[in-house]
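These notes are about the structure you will find just below.
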Amino acid sequence: MAHLFKDLSLGHSKRESTPPPPPPPPTMHSRITADLPSPLGKLDAQLSDSDIQITAYEIFVAACRTASGKPLTYVSNSDSPNHHSPHSPNSPALQRSLTSATASKMKKALGLKSPGSGSKKSPVSSNGKAKKALTVGELMRIQMRVSDTVDSRLRRALLRTAAGQMGKQVESMVLPLELLQQLKISDFTDQQEYDSWQKRTLKVLEAGLLLHPRVPIDKSNAASQRLRKIINGALDRPIETGRNNETMQVLRSTVMPLASRSDGSFSETCHWADGSPLNLRLYEMLLEACFDLTDETSIIGELDELMENIRKTWGILGINQMLHNLCFTWVLFHRFVATGQVEMDLLYATDSQLTEVAKDAKTTKDPEYSKILSSILTAILGWAEKRLLAYHDTFDSVNIPTLEGIVSLGVSAARILVEDISNEYRRKRKGEVDVARNRIETYIRSSLRTAFAQKMEKADSSRRASRHQPNPLPVLAILAKDVGELAINEKKVFSPILKRWHPFSAGVAVATLHVCYGNELKQFMLGITELTPDAVQVLRAADKLEKDLVQIAVEDSVDSDDGGKAIIREMPPYEAEAAIANLVKIWIKTSLDRLKEWIDRNLQQEVWNPRANQEGYAPSAVEVLRIIDETLDAYFQLPIPMHPALLPDLIYGLDRSLQYYASKAKSGCGSRNTYIPTLPALTRCSTGSKLWKKKEKSPITQKRNSQIATVNGDDSFGISQMCVRINTLHQIRGELEGLEKRIITHLRNSESANTEDFSNGLAKKFELTPAACVEGVQQLSEAVAYKLILHDLSHVLLDGLYVGESSSSRIEPFLQELEQNLAVIADTVNERVRTRIITDIMKASFDGFLFVLLAGGPSRSFTQQDSQIIEDDFKSLKDLFWANGDGLPSELIDKFSTTMRAVLPLFRTDTDSLIERFRRVTLESYGSSARSKLPLPPTSGEWNPTEPNTLLRVLCNRNDEAASKFLRKTYNLPKKL
């Protein structure tokens, strides 16, 4: 008995030999943050945190009582030289004191700082002098902020209990019942303290035996009903406690049967504090004592010794190594959170401890453990994911190590929850689920979606703030820039961390951003109908963003099995360049449509006035060229990246427009054939008669003039006006080279042009217009020539030349009027096309002269002697165009007078020779079938001395009896039409 009392001696007098600890601050439990509720379960009992704390301390002190001769002792921190307790440091009864200077093996295993690295040793006295070495008991008292008074009273009660239960294990006692039996009001300073202590002790009994028993209680259990009645009565009116008390005997007889109920695993144990969650909350309080009072983020250096003694409470609390690992994980994590998440050692220690929990989870099938495990891991994971699902809001380059620790913690918790608790996972092949990768992907996508939404709000605010400034950027252009910066920051700051769990974290990040921005861009693009500065800015910004995001994805996926195809498939192209191109094409079409409308409107009003300007071309041409120039300038001012690519479309459209102008400019002016008269029917000449006066105009002439009138019903189709049209087409063709040079200059200044864009000029040239202008000039030149000769001068040529007596109606009147017209034309047309027009007029004159000779009708007759007059007149006609060497070159005149010179000798040839030649060439043309009857040769229109129709027409106009007889006999030709 004396030995037991020695083991439980207090080591100091009833008077406190050490100053009381400071008043208890709010415990860590009361500081649990709003987003981190306790996963250990809610107590139904009305026990405060301090109630649980003092109860935990009572269990600790009781559990540390041993029968091995190694009592829990401590020394006073009094510096008085006269103060000596039986267990002072000099006392032989002193058991080992703490050795906090020695590195804690447990701390080292958890990755926590060693004492020399900043971890705390035993407390230091307020006067700065080092305290004497503390025993585990004294350290625990201070750590749990228990006063000497309370501690002394507890130890006194335990000594009394030990005196009555020699050799009995602490697990076989119901500690609150023993304390109620050993302590009475005289052990307290006042009634209030005693009442408070008694209520707390009875509530602990209620919590352990009635509210949270290890073994469930049947509702009809008499002992439980009786105990509830006793406790309820005592809470209203305190009961008398102490030994040999009848009330206490009733209480004991009620408590012990309830505490002795067993689930078969603890036959010798009283189950009063081992039911969940009471035991977990009590054990949590004990583990919280491992943290330094003066630095809440540090674990004391004496962790190994303290933990060794805390383990002694396992029997009472029903704790085993697995539950310890789980609770310690929670305590470390909770402390990290509650102290501001600044001490990374705590986070790493939690993660390290979680590794042990993972091992436990794989080996146990205890449903109660799994329930607690799930609750704690869910709490840890929930807290971690609140930060990880929006990690951009919580972390940056400064606190990035915290992110890594929290990710590791979250992934570890998720793995255990999925792989060791989830039944669904067990039904799958484990290769199908990569928990870490799936979680990280979820965090990346969630956080970036949140960050994107924030960037969008910011961009919108920025746009509103700058709306009064010139050319404010559209929201999506601002957003594209911000998203690009977000992607770069992601790759630089976060992806290197997250890559540990997800090899393609950067790719997932940019794919997420790509989709987010793409959704906004898609809506924007649906509302675009024309090329506006805002539209181009947004689309160009989107294009740049997409290229940057794809580049990051490709670089990140370079080592993947599929070369990054899976990530790229998540990034459907924005097709911003295509959208810009389509808008530019719409812009081009609109510009070209407006240009065509302008051409139509202005050509309807154009009068082709030769005096409209000095150069002699149409004002509408000046305007159309100016509009084309402005259109090109406007095109190259468009803020687009693909000027070279779409330029051919614009050039082709402008080319078509100019071609259209050229076609309209010549429209209605007719052509060479328009003015060539219809050949009259063949007649034979009336021999012997002389037509001394001009006949009235023949039906042929009237018919011809009626045809021409329909062509020339407008002054705008006069010879001078047609010359203006020729000048205009010539001017347009000449301006094209300048236009093309300006296009090349524009291209050189274009931001996206390459050398080949302007070195290969084919796509920058007008191809349709030059040909149209050449064709138009040619058509108009011939039309001017044949209109002038065969229409405007028909009265002196077709209706006057050689009508009646050949010698009295010669070519001079025609030459005079022709010369006057040539002077007007020469003054009107551009000198560069003058020669061409004069040449065409010469050709038309020769054709008109031949028409008079070969198709002049019955009003004309020629004798063989008239050939000299004809030849002299033709020479005069040629001389007019030669103009003594100032006109057309003689070679050109000779070239186009070849037919005339070949036909004229026929008029000198005698009639019989002509008939013989006609017979021969006809037989050569038609063969032996023509021997019996000569066929009437058709008119080819191509006059030739070897062609039957040409010979026949010379005979028809031959004023000769033999010719007339031959024509009547052979073809029965009439003398009149």
Side-chain angles (χ1 to χ4, degrees), residues 587-637 647 650-669 714-747 764-781 783-784 824-837:
W587 181 91
I588 290 173
K589 183 179 183 304
T590 303
S591 301
L592 296 173
D593 287 348
R594 281 200 295 262
L595 179 58
K596 183 178 181 299
E597 288 172 11
W598 186 95
I599 290 171
D600 283 334
R601 187 170 61 250
N602 280 267
L603 281 180
Q604 285 175 2
Q605 300 167 1
E606 185 61 76
V607 295
W608 310 101
N609 182 0
R611 292 176 293 280
N613 53 50
Q614 191 174 355
E615 291 79 10
Y617 51 81
S620 59
V622 178
E623 282 300 300
V624 78
L625 289 167
R626 181 187 61 78
I627 292 171
I628 287 173
D629 218 12
E630 289 176 353
T631 303
L632 283 167
D633 284 345
Y635 174 76
F636 282 103
Q637 285 171 13
L647 181 61
L650 178 60
I651 298 294
Y652 178 73
L654 295 175
D655 199 10
R656 286 280 302 272
S657 298
L658 276 176
Q659 181 194 37
Y660 178 72
Y661 180 94
S663 70
K664 294 295 257 182
K666 68 178 184 178
S667 176
C669 294
D714 189 323
D715 283 346
S716 66
F717 297 105
I719 293 296
S720 294
Q721 285 74 22
M722 289 169 74
C723 287
V724 173
R725 293 173 192 254
I726 291 171
N727 289 345
T728 300
L729 294 182
H730 177 76
Q731 179 68 20
I732 287 173
R733 187 185 176 198
E735 289 289 340
L736 293 180
E737 186 178 350
L739 270 177
E740 289 166 354
K741 285 180 178 178
R742 287 197 290 281
I743 290 168
I744 296 297
T745 302
H746 278 306
L747 270 178
K764 290 83 190 173
K765 285 188 176 295
F766 290 79
E767 295 179 339
L768 303 173
T769 304
C773 289
V774 168
E775 181 191 342
V777 168
Q778 178 182 340
Q779 180 183 326
L780 285 168
S781 179
V784 164
V824 172
I825 288 170
D827 286 341
T828 304
V829 297
N830 188 290
E831 61 181 9
R832 291 181 178 273
V833 292
R834 192 176 296 154
T835 298
R836 178 189 182 91
I837 294 177

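This chain uses plain numbering: 1 for the first residue, then up along the sequence. All heavy atoms count here, side chains included; hydrogens, waters and symmetry mates do not. In this text, all values refer to a predicted model and were calculated from it rather than measured experimentally.
In this structure the side chain of Glu623 never reaches within 4.5 angstrom of the side chain of Asn602, judged on heavy atoms.
Using a 3.5 Å distance cut-off with no hydrogens or angles, the side chains of Tyr652 and Arg656 do pair a donor with an acceptor.
One N or O on the side chain of Thr769 and one on the backbone of Asp655 form a donor-acceptor pair closer than 3.5 Å. When atom types are taken as modelled, the side chain of Arg725 and the backbone of Lys666 share no donor-acceptor pair closer than 3.5 angstrom. At distances below 3.5 Å, at least one donor-acceptor pair connects side-chain atoms of Tyr661 with backbone N or O atoms of Ala621. Under a 3.5 Å cut-off, the side chain of Glu606 and the backbone N or O of Ser620 do form a donor-acceptor pair. In terms of modelled atom types and a separation under 3.5 Å, the side chain of Ser667 and the main chain of Ser663 share no donor-acceptor contact. Remark: side-chain polar atoms of Glu740 are paired, donor with acceptor, to backbone N or O of Phe766 under 3.5 angstrom. Looking at Asn727, its side chain does come within 3.5 Å of a backbone N or O of Asn830 through a donor-acceptor pair.
Here the closest heavy-atom approach between residue Asn613 and residue Ala618 is recorded as ND2-C, 4.4 Å. Nearest heavy atom pair, residue Tyr660 against residue Lys596, reads OH-NZ, 3.5 Å. Met722 approaches Cys669 most closely through the heavy-atom pair CE-O, 3.7 Å. Here the closest non-hydrogen pair linking Val824 and Ser720 is CG1-OG, 3.9 Å. Nearest approach of Trp587 to Thr631, heavy atoms of both residues: CH2-O, 3.6 Å. What you find for Cys773 and Ile732 is that their closest heavy atoms are SG-CG2, 3.9 Å.
To the nearest 0.5 angstrom, Glu630 atom CD is 7.5 Å from Asp633 atom CG. With rounding to the nearest 0.5 Å, the separation of CG in Leu625 from CD in Gln731 is 7.5 Å. Taking CD1 of Ile719 as the start and CD1 of Ile825 as the end, the distance is 5.5 Å to the nearest 0.5 Å. Ile651 CD1 to Leu768 CG: the interatomic distance, rounded to the nearest 0.5 Å, is 11.5 Å. Summarising the geometry, atom CD1 belonging to Ile628 is positioned 11.0 Å from atom CZ belonging to Arg626; distances are rounded to the nearest 0.5 Å. In this structure, Ile837 CD1 and Ile726 CD1 are separated by 3.5 Å, a value rounded to the nearest 0.5 Å.
Checked for salt-bridge contact, Glu597 and Arg594 miss the test: no charged N lies under 4.0 Å from a carboxylate O.
Sparse packing is recorded around CD of Glu831, with 12 or fewer heavy atoms of other residues, nucleotides or ligands lying under 6.0 Å away.
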>> The test is side-chain contact (heavy atoms from CB on, under 4.5 Å); show your working for Val624 and Ile627 and say whether it passes.
In response: CA-CA 5 Å; Val624 78; Ile627 292 171; 5.6 Å; no
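If you run side-chain contact (heavy atoms from CB on, under 4.5 Å) between Val777 and each of Thr728, Leu729, Val829, only Leu729 comes through.
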